Amino acid sequence: NKAISNERKSLKTAPQVSGMISIVSHLKDVFQQAIVAAFPELNNAPCVVTESPKADYQCSSSMAICQLLKEKQIKTSPMEVAKKIIEKIPYSSLIDKTEISGPGFINIFLSKDYVKQAIHSILNDGVKPPQTEKKRIVIDFSSPNVAKEMHVGHLRSTIIGDSIARLLEFMGHDVLRINHVGDWGTQFGMLIAHLEDRFPDFVNVSPPIADLQSFYKESKKRFDEDEEFKKRAYDRVVKLQSGESNSTKAWQLICDVSRREFQKIYDSLDIKIVERGESFYQSRMEKLVKELETKGLLEADDGRFIMWGDKNDDFGGIPLTIIKTGGGFTYDTSDMATIKQRIEEEKADWLIYITDAGQATHFKAIFSCAKRAGILDSSKIRVDHVGFGVVLGEDGKKFKTRSGDTVKLAELLDEGLKRSIAKLMEKERDKILNEEEMKEAQKNVAYGCIKYADLSKNCKNEYVFSFDKMLEDKGNTAVYLLYANTRICSIARNLGEEFLKSLPKLKKETSIELEHVKELKLAKVLIQFPDIIDRILRDLTINTLCEYLYQIATTFTEFYDVCYCIEKNKQGEIVKINTSRILLCEAATAVMSECFKILGLKTLQKI
Ligand code: ARG
């Protein structure tokens, strides 16, 4: 025993802990040290630490280490390995005790003092992100196409992209939100030609186009049927791309109409984004193509010029088309130019693209070709394509209106508002809330539900759009969580002005008691926040945050059902306030509120 404690002294102690930290990464550090000390003969021994329902956390590396030792002709068992690791665990203020379970799992129990300290830090320093190196990030999301409709797919991209951007901003990164609007390409030829006929004086008088989609349809019809018109349309594209002034003016007018429509959606949903459409890259595409040519990366293929990804990459198997037959550029060309612009001009060290999963091969090829061209150094720059599944209607078919048209987003949001007010009336909220509060509740519930329904599912899967489901007040839904949060908030508020004023002082001075198992359980969930954030950052799965939010709400209910925060006598007068528990409620809404902010949901003061 003496030998062990001496050895322990010679080990480094784990880093000093203060405030909220990622518990899993701290425990990984601690166990990594122990494993290295216990088995110096192994390099690269794995260190796996995860949350565990039985203990608080668990290290499950013993079996793999045992295997590695066997390969070195050292005979042992996972149990022996576990024992040796435990002997070498350096001191950490987070760990209360460890235990071997099963064949050699090491269960790790958190020290209650650490849990108390972390709750104290939530109350006094706020809910802080885990420490990280600050990055410059360009995130490309929403990105609808001018004149074509902005559809539910773009809504998904908008909601998911906004939430990921919020998370990265919360982390303190320098985030540029880019709306890569489809504002360039051959369709503009016919739109311009049609505009000239319909509104000959467009240069002087702004054309009153209300419905750009039917304008698009009209011009498409003429394009398909009228050879003369088709010729003129081609001519207008060439004029536009060479910067001729009337065609440019017409193009701007058309883009303005779309822009105003898009902006209405962004305003409703509180989305901030910088428009930088495909047109921005015209001159850059020209330069890029020269660069690829000089580097000998383009290959002639039946009149067009293509570029293959790196043989060593999974680039999707399909080459990029860099120059079309006839000389034009493509979607591929534009994305080669965006990646170059974002790395070289924006100096980004992390690029994120959010589109439907159907574009996965496109982005694989883009990333691989960018590497081949020396534009992307993947050891320095992180690139992610977040692909999401298609949106289905309740009938399981592609989301359409009854008449088979694509659903207009503005109409969808209006429908949400109608459904949400009906729900609030059904719950007789109008008896409690005044007119203004009702309006706010209506909006926050409607838009909150639409966002949350999307964010709470694994985005890779198809997604069934159902107002009935998203407005349910049970289960992992926005309505349930917004209600839960408002109720938790009101616990302290109901104690009156005086109490609220004393809160800051109480937060500093009260020692948090975690005597009841349900108190301790809730506290342990709350302090996992940095771990949850870390996990989401790894693979950008925002639904993890929704699951966590739901876990807080349900754990809170378990706590609140059995732990009195306030005791009243028969007359309904308050006879006892359990300050420590009130503070635990405050910590719970603090964490929940931060989650809501990251998800882009607005909470309600009263409901
Ligand atoms: N406009 C495209 C679409 O509607 C999405 C663009 C995504 N961004 C990009 N850089 N390719 O599918």
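In listed order, ligands and their atoms are each counted from 1. Quick note: numbers below take in every heavy atom, side chains included, and nothing from hydrogens, waters or symmetry partners. Here the structure is a predicted model, which is why all the values come from computation and not from measurement.
- Side-chain contact annotation: Thr325 with Arg304, donor-acceptor N/O pair under 3.5 Å absent.
- Relative orientation of the His385 and Phe363 rings is parallel, given thresholds of 30° and 60° on the angle between their planes.
- Of the residues listed (Phe141, Phe280, Tyr331, Tyr281), the one engaging His180 in a ring-ring contact (aromatic ring centres under 6.0 Å, His included) is Tyr281, and it is the only one.
- Ring geometry, Phe465 versus Phe399: the interplanar angle falls from 30° to 60°, so the pair is classed tilted.
- For Glu225 and Lys221, the salt-bridge test passes: some basic side-chain N is under 4.0 Å from an acidic carboxylate O.
- For ligand 1, the 4.0 Å heavy-atom shell takes in Asp140, Ser143, Asn145, His154, His180, Tyr331, Asp335, Tyr353, Thr355, Gln359, Phe363, ordered by chain and residue number.
- Residue Arg342 is tested with Asp349, Asp335, Asp140 for a salt bridge (charged side-chain N to carboxylate O under 4.0 Å, His left out); the sole match is Asp140.
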